[in-house]
Amino acid sequence: MVVQDIFIYPIKSLGGIRLDQAEVEEKGFKYDRRWMLIDSEGLFVSQRTYPKLALLGVELTPEGLLVYQKKRQHDSILIPYTLAPGEEVSVVVWDDTMKARLLAEQYDQWFSEFLDKEVRLVIMPESTRRAVSPKYAVNAEAVSFADGMPYLLIGQESLEDLNRRLDQPVPMDRFRPNIVFSGGEAFQEDSLQKIQIGEVAFQIVKPCARCVMTTVNQNTAETSKEPLKTLASYRTVGSKVFFGQNMVALGEGVVRIGDKIEVLN
């Protein structure tokens, strides 16, 4: 098994970025889901409710995050990595409430105009510790604005297995993984417990339950019943549909495309 792809999603629920290598931090890869859009109540905004967010791409530049409309790339905004901290606010991601910092109103305005909804952009300061659920944490880890876990691992063979069952194959971007590996068998990740990737050991802690975000075409923002309908036909346990495995990092370091995945369990 070898690392095939590495992805980060700097702003929660916007487009992902493929990297050749990434820095492993406790909360997730560096820059991964450290920014987020919230509504007037402080609740996170995602493609579940606003599929149009899929049409916003993000790039890492030396100066900051470049966010652009995929269909109108000249319509963009640059968000510096370091900004004077704004007002502290409470934000909500699922069952968790945590502190975040507002950024300048010019960013709020740009995103609000795009969505035709009033939203604000926030950043997670280093001082904010949002705990991973004690049920799954290994060393009382913290997590970013991700749904609940710092890392998501999926095997390419698992996607191939799904696509063989679909009339229209889907790309991996429907599932928003952090690490995709080649080699092994379909759903090999389900049998792993502890692995070494490059410099870092990871603990697999729980399968990832999937939602309607997998039905959003990341290039067009169109929605359908697939691939969730087909996935549910053979990957349902209880009332949840599983695809991919969530992990926590047991240390820090760098992982790279081409790194071998060593099984430690």
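Counting from 1, the numbers follow the sequence of the chain as shown. These numbers come from a predicted model, not from an experiment.
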| field | Polar side-chain atom of Thr215 near backbone of Glu226 as donor-acceptor pair, under 3.5 Å | value | no

| query | Would you find a donor on one side and an acceptor on the other, under 3.5 Å apart, between the side chain of Gln203 and the backbone of Val248? | reply | no

| message | Restricting to non-hydrogen atoms, name the atom on Val24 and the atom on Ala249 that form the minimum distance, rounded to 0.1 Å. | response | CG1-CB, 3.5 Å

| query | Which distance, rounded to the nearest 0.5 Å, do you find between the CG of Asp5 and the CD1 of Ile179? | reply | 10.5 Å

| message | Could you walk me through whether Lys99 and Ser90 satisfy the side-chain hydrogen bond (donor to acceptor under 3.5 Å, both in side chains) test, starting with their C-alpha distance in whole Å, then the side-chain angles of each, then the deciding distance to 0.1 Å, before giving a yes or no? | response | CA-CA 5 Å; Lys99 295 298 183 182; Ser90 291; 3.0 Å; yes

| request: Before giving the answer on side-chain hydrogen bond (donor to acceptor under 3.5 Å, both in side chains), spell out for Gln73 and Gln69 the whole-Å C-alpha distance, their side-chain angles and the decisive distance to 0.1 Å. | output: CA-CA 5 Å; Gln73 294 198 15; Gln69 293 194 34; over 6 Å; no

| said: Testing the basics here: between Gln188 and Gly184, what is the closest heavy-atom pair and its distance to 0.1 Å? | reply: OE1-CA, 3.5 Å

| request: Using the ring of Phe114 (Phe, Tyr or Trp, six-membered ring only), decide whether Arg72 places NZ or CZ under 6.0 Å from its centre and within 45 degrees of its axis. | output: no

| task | Decide salt bridge (Lys or Arg N to Asp or Glu O under 4.0 Å) for Asp147 and Arg48; before the verdict, give the C-alpha distance in whole Å, the side-chain angles of both, and the deciding distance to 0.1 Å. | result | CA-CA 12 Å; Asp147 278 352; Arg48 295 169 181 84; 2.5 Å; yes

| Are Met149 and Met247 side-chain neighbours, meaning at least one heavy-atom pair lies under 4.5 Å? | no

| message | Test side chain to side chain contact (heavy atoms under 4.5 Å, CB included) on Leu78 and Glu63; report intermediate values, then the result. | response | CA-CA 8 Å; Leu78 181 68; Glu63 295 79 26; 3.9 Å; yes

| task | Just do the salt bridge (Lys or Arg N to Asp or Glu O under 4.0 Å) check on Arg129 and Glu26 with the steps written out, would you? | result | CA-CA 10 Å; Arg129 282 194 63 81; Glu26 177 187 10; 3.0 Å; yes

| Do other residues, nucleotides or ligands put more than 12 heavy atoms under 6.0 Å from the CD atom of Glu118? | no

| message | For Leu55 and Lys71: C-alpha separation, side-chain torsions, deciding distance, then whether side chain to side chain contact (heavy atoms under 4.5 Å, CB included) applies. | response | CA-CA 7 Å; Leu55 300 180; Lys71 294 184 176 181; 4.2 Å; yes

| note | Between the CG atom in Leu43 and the OG1 atom in Thr97, the distance rounded to the nearest 0.5 Å is 9.5 Å

| Minimum heavy-atom distance between Val241 and Leu231, given as atom pair plus value | CG1-CG, 3.7 Å

| task | Start with the C-alpha distance between Glu25 and Arg34, add both sets of side-chain angles, then the distance that settles salt bridge (Lys or Arg N to Asp or Glu O under 4.0 Å), and finish with yes or no. | result | CA-CA 12 Å; Glu25 298 177 349; Arg34 301 306 203 274; 2.7 Å; yes

| message | side-chain hydrogen bond (donor to acceptor under 3.5 Å, both in side chains), that's the test. Do Glu222 and Asn217 meet it? Break it down for me. | response | CA-CA 5 Å; Glu222 295 172 339; Asn217 184 311; 5.1 Å; no

| request: Could you tell me the separation between the OG atom of Ser133 and the CG atom of Asn246, rounded to the nearest 0.5 Å? | output: 11.0 Å

| message | Check for me, please, whether Val170 and Phe187 land in the same ILVMFWY cluster - side-chain distances under 4.5 Å, paths through other members count. | response | yes

| For Val58 and Gly15, which heavy atoms make the closest approach, and how far apart are they? | CG2-O, 3.9 Å

| query | If two hydrophobic side chains count as joined below 4.5 Å and joins carry through other members, does Leu56 share a cluster with Phe145? | reply | no

| Would you say Gln168 has more than 12 foreign heavy atoms packed within less than 6.0 Å of its CD? | no

| Got a donor-acceptor contact below 3.5 angstrom from the Arg174 side chain to the Val216 backbone? | yes

| request: Spell out, as yes or no, whether a donor-acceptor pair under 3.5 Å connects the side chain of Arg101 to the backbone of Glu87. | output: no

| Is it true that atom NZ of Lys194 has more than 12 heavy atoms of other residues, nucleotides or ligands lying nearer than 6.0 Å? | no

| query | So, for Arg33 and Ser144, which heavy atoms are closest and what is the spacing to 0.1 Å? | reply | O-CB, 3.3 Å

| field | Salt bridge present between Asp108 and Arg120 (N-O < 4.0 angstrom) | value | no

| Yes or no on side chain to side chain contact (heavy atoms under 4.5 Å, CB included) for Met1 and Phe181, after CA distance, side-chain angles and deciding distance? | CA-CA 6 Å; Met1 296 181 291; Phe181 66 89; 3.5 Å; yes

| query | side-chain hydrogen bond (donor to acceptor under 3.5 Å, both in side chains) between Ser158 and Glu189: does it pass, once the steps are laid out? | reply | CA-CA 9 Å; Ser158 303; Glu189 59 269 28; 2.8 Å; yes

| request: Answer with yes or no whether the hydrophobic clustering places Val212 together with Val93; edges join I, L, V, M, F, W, Y residues whose side-chain heavy atoms lie under 4.5 Å apart. | output: no

| request: Start with the C-alpha gap between Val200 and Leu250, add the side-chain angles, then the distance that decides, and say whether side chain to side chain contact (heavy atoms under 4.5 Å, CB included) holds. | output: CA-CA 7 Å; Val200 187; Leu250 302 179; 5.9 Å; no

| query | What do you reckon, is CD of Glu41 surrounded by more than 12 foreign heavy atoms closer than 6.0 Å? | reply | no

| field | CG on Leu37 to OG on Ser13, rounded to 0.5 Å | value | 8.5 Å

| message | Under 4.0 Å between a side-chain nitrogen and a carboxylate oxygen: does that hold for Arg235 and Asp190? | response | yes

| task | Tell me whether Ile77 is reachable from Ile11 by hopping between hydrophobic residues (I, L, V, M, F, W, Y) whose side-chain heavy atoms are closer than 4.5 Å. | result | yes

| message | Below 30° counts as parallel, above 60° as perpendicular, anything between as tilted: where do the rings of Trp35 and Tyr81 land? | response | tilted

| task | Run through Val45, Asp116, Val119 and flag the one making a side-chain contact (heavy atoms from CB on, under 4.5 Å) with Tyr50. | result | Val45

| Partner of Lys27 by side-chain contact (heavy atoms from CB on, under 4.5 Å), out of Arg130, Met124, Glu141 | Met124

| task | Would you tell me whether Asp161 and Tyr234 have side-chain atoms, one donor and one acceptor, within less than 3.5 Å of each other? | result | yes

| request: Let me know which of Tyr9, Phe242, Phe243 forms a ring pair (Phe, Tyr, Trp, His ring centres under 6.0 Å) with Phe175. | output: Phe243

| said: Take a 6.0 Å sphere around CD of Gln21 and say whether it holds more than 12 heavy atoms from other residues, nucleotides or ligands. | reply: yes

| Looking at Phe44, is Lys12 sitting on its ring face, NZ or CZ under 6.0 Å from the six-membered ring centre and within 45 degrees of the normal? | yes

| field | Distance, nearest 0.5 Å, that separates CG of Leu153 from OH of Tyr151 | value | 12.5 Å

| task | Report yes or no: do Tyr68 and Leu115 belong to one cluster of Ile/Leu/Val/Met/Phe/Trp/Tyr joined by side chain heavy-atom distances under 4.5 Å? | result | no

| remark: When Val255, Ile257, Asp32, Leu60 are each screened for side-chain contact (heavy atoms from CB on, under 4.5 Å) with Leu19, the one that passes is Leu60

| Enclosure of Glu160 CD (heavy-atom neighbours >12, cutoff 6.0 Å) | yes

| message | For the backbone of Cys211 and the side chain of Thr214, can you confirm whether one donor and one acceptor N or O come within less than 3.5 Å of each other? | response | yes

| Considering all heavy atoms, the nearest Ala131-Asp96 contact | O-OD2, 4.5 Å

| request: State yes or no: are the ring centers of Phe7 and Phe29 separated by less than 6.0 Å? | output: no

